[in-house]
Protein chains: 2
Amino acid sequence: MFSKTCEYGLRAVIFIALESNVDKKVSITAIADAIESPQAFTAKILQQLTKNKIVQSIKGPNGGFFIDDKSLKTVALSNIVAVLDGDAIYTGCGLGLHQCNDKKPCPLHFKFVEIRENLKKMLESTTLFELATDMNLKEYFLKN
Amino acid sequence: MFSKTCEYGLRAVIFIALESNVDKKVSITAIADAIESPQAFTAKILQQLTKNKIVQSIKGPNGGFFIDDKSLKTVALSNIVAVLDGDAIYTGCGLGLHQCNDKKPCPLHFKFVEIRENLKKMLESTTLFELATDMNLKEYFLKN
DNA sequence: AAAATAAAAGACAAATTAATCCTTTATTGT
DNA sequence: ACAATAAAGGATTAATTTGTCTTTTATTTT
């Protein structure tokens, strides 16, 4: 469904969101440990996400990654996926046709449209704030 | 969503189903041409599908690929996806966790379950026969 | 039997994705 | 000012996926 990059990215951002929710900054070491991901690779991903204003970062001692209160409420999962995997999941054809739409559909087009719409809506409506607050209530996991 | 292998495989099988529906066998050259896919690569994919009884093949002159009447009605898209991409789309975690289930869920588990269930049902309920007959009515495309 | 046809099989090659390593830059505390 | 800390950046390697090429096997027609 998503690339490894996107999977690690989502997990990392969710973890940062959780910590940011209680005003904590987290280092790349702490993140990689919390989500059980390759550290250097995760660092690269976070570079992309900071460039795209999904997360913020501060260098040096007491530095680390965090997400400001406003972003916590405005950033949805769809924004993260867009940065890391582009919009292929939403727009791309299930059978890999370059152009596939209502006018010129592949045999599965109308069946896929529905499923993708659901996915899109779910990603667009799920904010980091929702996850960060929800995760305090139930027991959720970011690693095995 | 699917690998290239699976995309080509689905398109190839749908094309073969269409031709088989009017009792025609098709060569790998005809298939690659009809779905605009790399021929040798598509040949490899069809090898896998014949081994797994999704399609049948006959060597030599007047040979080619086809799907018998019974398979046309019993084979669903889910069977093809299972052979080529495995069951990761159904069972795999959206965030890439190795084990993620109702008991030990990732933060998005319950949101993903629904979407994946829809996809699963769609793939399982769509048979080659349905596609082969439906494609005669409407204008559908297998290449650009 | 020989030639032609078409899929099967195996060995490579190219491209993309995933992952690591090393150096540089920014910031802080002593 | 200096040492320590932590992210940013660049170059490289590893693994996987995608794709090609050549040979072999099976079947049919002449």
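Just so we're on the same page: letters track the sequence lines, and every chain starts at 1.
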Counting distance only, does the side-chain N/O of A/S125 pair as donor-acceptor with the main-chain N or O of A/M122 below 3.5 Å?
-> yes
Exam field: side chain A/N144 to backbone B/Q99, donor-acceptor pair closer than 3.5 Å = yes
Sequence neighbours left out, what passes side-chain contact (heavy atoms from CB on, under 4.5 Å) with A/K143? Give chain and number order.
-> A/E36
List the atom pairs, with distances to 0.1 Å, where a side-chain N or O of residues 43-50 of chain A and a protein N or O form a donor-acceptor pair under 3.5 Å, not counting sequence neighbours.
| unit_1 | atom_1 | unit_2 | atom_2 | d |
| --- | --- | --- | --- | --- |
| A/T50 | OG1 | A/L46 | O | 3.0 |
| A/T50 | OG1 | A/Q47 | O | 2.7 |

What residues 12-27 of chain B contributes to the DNA chain C interface at heavy-atom separation below 4.0 Å is B/V26, B/S27
Measure the CG-OG distance between B/D87 and B/S78 for me, rounded to the nearest 0.5 Å.
-> 11.5 Å
How long is the span from the CG atom in A/D134 to the CD1 atom in A/I14, to the nearest 0.5 Å?
-> 11.0 Å
Atom-pair distance (CD on B/Q48; C1' on D/dT17), nearest Å = 12 Å
Do any pairs count as a salt bridge (Lys or Arg N to Asp or Glu O under 4.0 Å) and have a residue in residues 108-129 of chain B, sequence neighbours left out, and if so which ones?
-> A/E130-B/K111
Along nucleotides 18-27 of chain D, 5' to 3', which nucleotides get a B, which get an S, and which get a -, given that the test is a protein heavy-atom distance under 4.0 Å?
-> SBB----BBB
Stretch residues 85-93 of chain A: residues that reach within less than 4.0 Å of DNA chain D through a heavy atom = none
Name all residues meeting the salt bridge (Lys or Arg N to Asp or Glu O under 4.0 Å) criterion together with B/K4; count only those two or more places apart in sequence or in a different chain, and write none if there are none.
-> B/E7
Quick one: which residue pairs count as a ring pair (Phe, Tyr, Trp, His ring centres under 6.0 Å) with a foot in residues 27-80 of chain B, not counting sequence neighbours?
-> B/Y8-B/F41
Donor-acceptor pairs under 3.5 angstrom involving side-chain atoms of residues 70-77 of chain B: please list them, not counting sequence neighbours.
| unit_1 | atom_1 | unit_2 | atom_2 | d |
| --- | --- | --- | --- | --- |
| B/S71 | OG | B/D68 | OD1 | 3.1 |
| B/S71 | OG | B/D68 | OD2 | 3.3 |
| B/T74 | OG1 | B/K70 | O | 3.2 |

Please check the phosphate of D/dA6 (OP1 and OP2 only) for any side-chain N or O of A/T29 closer than 4.0 Å.
-> no
Taking any atom under 4.0 angstrom from a heavy atom of chain A, which nucleotides of DNA chain C are the first and last to qualify, 5' to 3'?
-> C/dA18 to C/dG29
Sequence neighbours left out, what passes side-chain hydrogen bond (donor to acceptor under 3.5 Å, both in side chains) with B/S37? Give chain and number order.
-> B/T42
What residue pairs, at least two apart or across chains, pass ring pair (Phe, Tyr, Trp, His ring centres under 6.0 Å) with a residue in residues 115-144 of chain A?
-> none
By nearest nucleotide on DNA chain D, pick out whichever of A/N62 and A/K51 is the more 5' one.
-> A/N62
Would you find more than 12 non-hydrogen atoms of other residues, nucleotides or ligands less than 6.0 Å from A/K53 atom NZ?
-> no
